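See structure below.
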Amino acid sequence: MYNIIQTLLIIVSILIIIAVMMQPTKQQDALNALSGGAGDLFGATKKRGFEAVMEKVTYVLGILFFVLALALVYLSSH
């Protein structure tokens, strides 16, 4: 059981890296960091399409990563 969860954890971690790398870049965020965030006033748009899907996939993979990590810790201590 320990080896299965460890393998799943490695697979999920690789999928997280891929999901983060596939997300579209946000050029405006770097500009806001330099200008003090003045562009955030009118830049709050709802994410749609590919960007929304990738954000949800990243959230799910992150939660799955922490659940598997906690399960691995529990199994290693017992």
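Hydrogens, waters and symmetry mates play no part in the numbers below; they use all other heavy atoms, side chains included. Everything numeric here is computed off the predicted structure, so don't read it as measured data.
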Mind checking whether L61 and V53 sit in one hydrophobic cluster, side chains of I, L, V, M, F, W, Y counted as touching below 4.5 Å? yes
Determine the minimum heavy-atom distance between A69 and L9, stating which atoms define it. N-CD1, 3.9 Å
Output the distance between atom CG (L70) and atom CG (L75), rounded to the nearest 0.5 Å. 11.0 Å
Closest contact, heavy atoms only, M54 versus Q23: O-NE2, 3.5 Å
Got L68 and L72 here, is their nearest side-chain heavy-atom distance under 4.5 Å? no
Taking a hydrophobic cluster as the set of Ile, Leu, Val, Met, Phe, Trp and Tyr residues connected by side-chain heavy atoms closer than 4.5 Å, whether directly or through intermediates, do I14 and V57 fall within one such cluster? no
Work out which heavy atom in I16 is nearest to a heavy atom in F65; give both atom names and the distance. CD1-CB, 3.7 Å
Heavy-atom count around F50 CZ within 6.0 Å, excluding the residue itself: above 12? yes
Hydrophobic cluster identity match, I11 and M1, side-chain contacts under 4.5 Å: yes
Here the pair of heavy atoms bringing V12 nearest to L64 is CG2-CD2, 3.7 Å
Assigning hydrophobic clusters by single linkage (Ile, Leu, Val, Met, Phe, Trp, Tyr; side-chain heavy-atom cutoff under 4.5 Å), is I10 placed with I18? yes
Assigning hydrophobic clusters by single linkage (Ile, Leu, Val, Met, Phe, Trp, Tyr; side-chain heavy-atom cutoff under 4.5 Å), is V73 placed with F66? no
